[in-house]
Amino acid sequence: MLNRPTEIETKWQERWYSQRINEANRDERRKFMIIFAYPGVTGYLHVGHMRGFSYVDDISRYMRMRGYNVMFPVGTHATGNGPISLAKKVAAGDEGIISYLTRNGCPEEKLKDLTNPIGVVDFFNKVYVEQYWRRFGFMADWRRFTCTIYKEYGKFIQWQFRKLNEAGLLIQKPYYAPSCIKCGPVAVDASETDISCGGNAETTEYTLMKFKCGDLVLLAATLRPETVFGQTNFWVNPDVEYVKVRHENEIWVMSRPCLDKFHYQKEGLEEVGTIDGKELIGRMCTTPMTGRTIPCLPATFCDPEVGTGLVVSVPSDAPDDWVALMMLQTDEELCKQYGLDFEMVRSIMPIPIIDTKGWGPMPAVEIVERMGITRSGDPKLVEAKKIVYKEGFHSGKMNGNCGKYSDLPVDKAKDMMKEDMLRSTEADLFFDLSERVVCRCGEPVVIRKVDDQWFINYADEELTARSHDQAKRMHIIPTDYMTNVHGVLDWFRERACVRQGNWLGTRFPFDDKWIIEAISDSTLYPIFYTVTPYVNDGSVKAENLTTEFFDHVFLGKGDVNEAARASGLDPSLLAKIKADVDYWYPLDMNLGGKEHMTVHFPAFLMNHVAILPEDKLPKGIFVNWYVISKSGKISKSKGGAQPIPGAAEKYGVDALRLYYAHIASPFADVEWDEDIIENYVLKIDRVMRNVEELAAMQPASQMSGIDQWLLSRLNTRLAKVIGGMAQYDLKTLANEAYFEIPNDLKWYIRRGGNNGTAMRKALDIWVRMMAPITPHVAEEMWEHIGGEGFVTNAKFPEPDEANSSMLAEIAEDYLRALMDDTNEILKVTRITPSRVLIYTTSQWKAKGMAMAIDMAKKGELKVPTLTKAVMQDPDLKQHGKEASDYARKIAEDLMKRSKEELVKLEADFDELAFLTSAQNFLSKEMGSNVRVFSAENPEKEDPQNKARVAQPRRPAIYVE
RNA sequence: GCGAGGGUAGCCAAGCCAGGUCAAAGGCGACAGACUCAAGAUCUGUUCCUGCAGAGGUUCGCCGGUUCAAAUCCGGCCCUUCGCACCA
């Protein structure tokens, strides 16, 4: 056998792929189609990504060994601006990106290809397929590869959108989206793919309320429109210069940063001048809705960067306002300075507006007092605001001061009052980010209004209901997600599905200015893999992929000849493709990382439900967790993780695959730790040497007890593995095949097993069990033990009743327990034994046990019942108190036993004969002479009268 | 804020849904022994506490409950991780 992993990998990959056993073609077998959610082309991937990918290959290999015709296609997702921005940087000679590329193995001469986005995509497509997936020996059908920017893929996506439109699921309405002022829309997310800072920012919706102030309109931005009835005054920052902005017939006042941002959200804003905050102070303005007159007062906490830089004061419910008001009301000097009438200021009283359980009428006043806050800018105010807001929002009710909104819960009143003010044009909307966000290009990110944004209406009730139904029928792993996915489906709303700007992707079929967005073009795609081989071999071209083509092959619409005419394809080819689609689809399993739980998986499901007939809806979802580094998630954009080819070379592909499968349940994050990987490298090596040594064993015709034991054990393990794999439990497979079975084999050898015939059977089973997870070394071992063909194509072993031997398993368990007991005695007594004497149970105890088991099986076992029965039996009765003590003891013991254990205990197992046959083994193990007697043997040696404590399955032991 | 997960021996990690075979698989580490000139590999034993006879005691985040019986079921609490929409 070869022993260098890389040699083994190369050898078998060449054979697999040259014989094309990885290619999936329709035949009579049951089919199984599995994919992983294709990765985005954003640069080099890292060892963490291989976790989920390798699960798919493990499962696909297992399923093919179980007799399924398995299709495992791969592809990539290149939609978006990732490739564009990468190409730009390479073109600009950015040193960071170039060092990142070369460090990951990009040859110098390739760099020039990476200066354009398509070059980037082509390059990485090759890297993913060759350096990752083929390198890992995947049984993927490479002929089916596709990428989201291929023009044929685009045809498919356009068809998908036509179908969504026909289903009435495309809608158009205004949208407020984060957008770089230069690059267009960006994703604001913590991994900061598009942006260089501000990943945790959220979009906040402010209600802009208008306050008439002479010929001006002051705009106050608020998150709490429901507090209108509690407004007592207006806050202006005296140190800020505000701008006057003409909008239609009004002159609005706001801070300059606000105007800068507002431009992206509102048409027709024209700056017509500026006004100092100081000038506004002391003026009176009119509140919206209530039409009251309130004064403008000075406040330094008004930040021009937040909202409009102008704030309306609700001291009853806003701690900031109450504190500022208190300060002003006790500072006559300051009031004078601004020319304010001190008495007027002092006469301002908070107006209670919300009743909140556990609070008085004015929570802000209350909490400020409780927390001992006395001045603006106190950091405790942040917390105070949070508490009051939260309590009020969730459990508050508008009180009698609130006109027609009285008695409404706060969360309802909030929406109603906002809507009412918007309708009466007393308010407007303004969106802002909760923190500063900067694009990768260095320009700020703002919220931009898009008037005619297209959405996919995932909120559609019928679609949602049907998706729920399908989700219930699906095999969703882990089971937690099976329950959770329903919540997600309900929460799923309209989703913006197209965008403008410099992006790779498919043109929106109804309006060329839009490009279909990155998530919307990656939901229905698994079905496209049924067509890709024909695209890739040239028999179907982009122009053939007409609506009629897809309607016919995917939906079974229309006559084949009509569809052939419309698509320009031969009817026989069309019929063949349709038959393929009907054979392969639905998709049996879609595996993806946990990040897909709230967006990709529901969208994947809903698009299928929206477009495809019932018999083509997906059947399974598998969610896997991450490999993380010590510092947190290994991030694509931040790098720092081991490149995949380097890891493959260093550890060997099979060791890595075993690591992924065995290190933890797929539903837990694991930490990448090189020392742990090394252990798996050793494990693979050990297993191979094991097989080599065991295969050399000479055949024997006679089956001994230990031979039977070995085969029976394998049987038991197989049953467990196959049971687990019904849930794709790769960890159990890995644990049994690579850890438990080697331990069994060790025991077999230790017990003197040396039957090559039995071993041959065992190895045949064992090697096949290893084939799904570590296929390369499994092939190597399979070849070595004389297996036929590829183990990849072999059947997965199944438990064979003929190999099962309960007695053999009972015997070895019994022996182990005896050895453990003896060891414990030796440990406690610190005796180095010169002689060990063992006594098996006496007949009357065996009889008592049988009676107890009988009762236990009927569920009648109780201490008094057994004691009574025992004392009525003449054989037992003669042992008097010893018998009744024994009865109590075994009754207590057996009541705790499971059914399986009772069956084992009941089995007719001859302890004396077995131990006698194991006498030599025990002597060798103990390093001393071991002798076995029946407790009833009158000839026995029994210096300390130990024999009488012997029980069934619990021999007495004497050491000296 | 909304939603979901997790806390198991020195460490990693099964077990929990279907309570009893659980002082709790497996791995790693550590210690001791065998083999070896030696190291490594391999094999054997030990690795919560106590114990000179195979036993007993206390454990599965904390508190309480259900039960003959709880790591497992129920309630509350503490800590922690994750997802939340133009990243896929």
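FYI, side chains are in, hydrogens and waters are out, and symmetry mates aren't considered; it's all heavy atoms of this structure. The chains referred to below are lettered A, B, ... by the order of the sequence lines, with proteins before strands, and numbering in each begins at 1.
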Enquirer: Classify the side-chain pair A:Y525/A:T146 by whether it contains a donor and acceptor separated by less than 3.5 Å.
Expert: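 A:T146 and A:Y525 do not have a side-chain donor-acceptor pair below 3.5 Å.
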Enquirer: What's A:Y175 touching, base or sugar-phosphate or nothing? Going by heavy atoms closer than 4.0 Å.
Expert: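 Answer is base: heavy atoms of A:Y175 come under 4.0 Å of a base.
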Enquirer: Please classify the nucleic acid contact of A:R830 as base, sugar-phosphate, or nothing, using heavy-atom distances under 4.0 Å.
Expert: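 Nothing: the residue A:R830, judged by heavy atoms under 4.0 Å, touches no strand.
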Enquirer: Determine the contact category for A:H600: base if any of its heavy atoms lies under 4.0 Å from a base atom, sugar-phosphate if only primed atoms, P, OP1 or OP2 are that close, otherwise nothing.
Expert: nothing
Enquirer: On the side chain of A:R499, is there an atom forming a donor-acceptor pair with the base of B:C86 - under 3.5 Å, no angle test?
Expert: yes
Enquirer: Under 4.0 angstrom, heavy atoms only, what part of the nucleic acid is A:R953 near: base, sugar-phosphate, or nothing?
Expert: nothing
Enquirer: Are a donor atom and an acceptor atom from the side chains of A:D521 and A:T79 found within less than 3.5 Å of each other?
Expert: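 Result is yes, a qualifying pair exists.
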Enquirer: Ignoring the backbone of A:R954, work out which of B:A25, B:A55, B:A41 is nearest its side chain.
Expert: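 For A:R954, the side-chain atoms sit closest to B:A55.
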Enquirer: Scan every strand shown for a Watson-Crick or G-U wobble partner of B:C82, both distances under 3.5 Å, and answer none if you come up empty.
Expert: B:G3
Enquirer: What is the separation between atom CD on A:E205 and atom P on B:G1, rounded to the nearest whole Å?
Expert: 20 Å
Enquirer: When you check the side-chain N and O atoms of A:Y680 and A:H662, is any donor under 3.5 Å from an acceptor?
Expert: yes
Enquirer: In terms of ring plane angle, is the pair A:F921 and A:W747 parallel, tilted or perpendicular, where the classes change at 30° and 60°?
Expert: perpendicular
Enquirer: Cation-pi check for A:F455 against A:K173: NZ or CZ below 6.0 Å from the six-membered ring centre and within 45 degrees of the axis, yes or no?
Expert: yes
Enquirer: Do A:Y958 and A:N945 have side-chain atoms, one donor and one acceptor, less than 3.5 Å apart?
Expert: no
Enquirer: How far does the C1' atom of B:A9 sit from the matching atom of B:A25, given to the nearest Å?
Expert: 13 Å
Enquirer: Any base atoms under 4.0 Å from A:K746, or only sugar-phosphate, or nothing? Heavy atoms, all strands.
Expert: sugar-phosphate
Enquirer: Base, sugar-phosphate or nothing for A:N735? Non-hydrogen atoms, less than 4.0 Å.
Expert: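 Since a base atom lies under 4.0 Å of A:N735, the category is base.
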Enquirer: By the 4.0 Å heavy-atom rule, please label A:E740 as base, sugar-phosphate, or nothing.
Expert: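 Contact class for A:E740: sugar-phosphate only.
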Enquirer: For A:F739, does the six-membered ring have the charged nitrogen or CZ of A:K683 within the cation-pi criterion, i.e. under 6.0 angstrom from the centroid and within 45° of the normal?
Expert: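 Satisfied, under 6.0 Å and within 45°.
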Enquirer: Would one find a side-chain N or O of A:R686 under 4.0 angstrom from OP1 or OP2 of B:U42?
Expert: yes
Enquirer: Taking the same atom, C1', in B:G51 and in B:C37, what whole-Å distance lies between them?
Expert: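 My reading of the C1' atoms in B:G51 and B:C37 gives 41 Å.
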Enquirer: Determine the contact category for A:E892: base if any of its heavy atoms lies under 4.0 Å from a base atom, sugar-phosphate if only primed atoms, P, OP1 or OP2 are that close, otherwise nothing.
Expert: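 Touches nothing.
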Enquirer: Spell out protein contact along nucleotides 7-21 of chain B as letters: B when the base is contacted, S when just the sugar-phosphate is, - when no protein heavy atom is under 4.0 Å; keep the 5' to 3' order.
Expert: ------SS-----SB
Enquirer: If we take the C1' atom in both B:U8 and B:C2, what is their distance in whole Å?
Expert: 30 Å
Enquirer: Within the structure shown, what part of the strands sits under 4.0 Å from A:R493 by heavy-atom distance: base, sugar-phosphate, or nothing?
Expert: base
Enquirer: What does A:Y958 touch in the nucleic acid at a heavy-atom separation under 4.0 angstrom: a base, only the sugar-phosphate, or nothing?
Expert: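 Since a base atom lies under 4.0 Å of A:Y958, the category is base.
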Enquirer: At 4.0 Å (heavy atoms only), tell me whether A:P833 reaches a base, stays on the sugar-phosphate, or touches nothing.
Expert: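 The residue A:P833 makes no contact with any strand.
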Enquirer: Starting the side chain at C-beta, find the nucleotide from B:G54, B:A4, B:A85 nearest to A:V949.
Expert: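 Looking only at heavy atoms from C-beta outward on A:V949, the closest nucleotide is B:G54.
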Enquirer: Using a 6.0 Å distance limit plus a 45 degree cone around the ring axis, check whether A:R51 lies over the aromatic ring of A:Y626.
Expert: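 Checked: cation-pi criterion not met.
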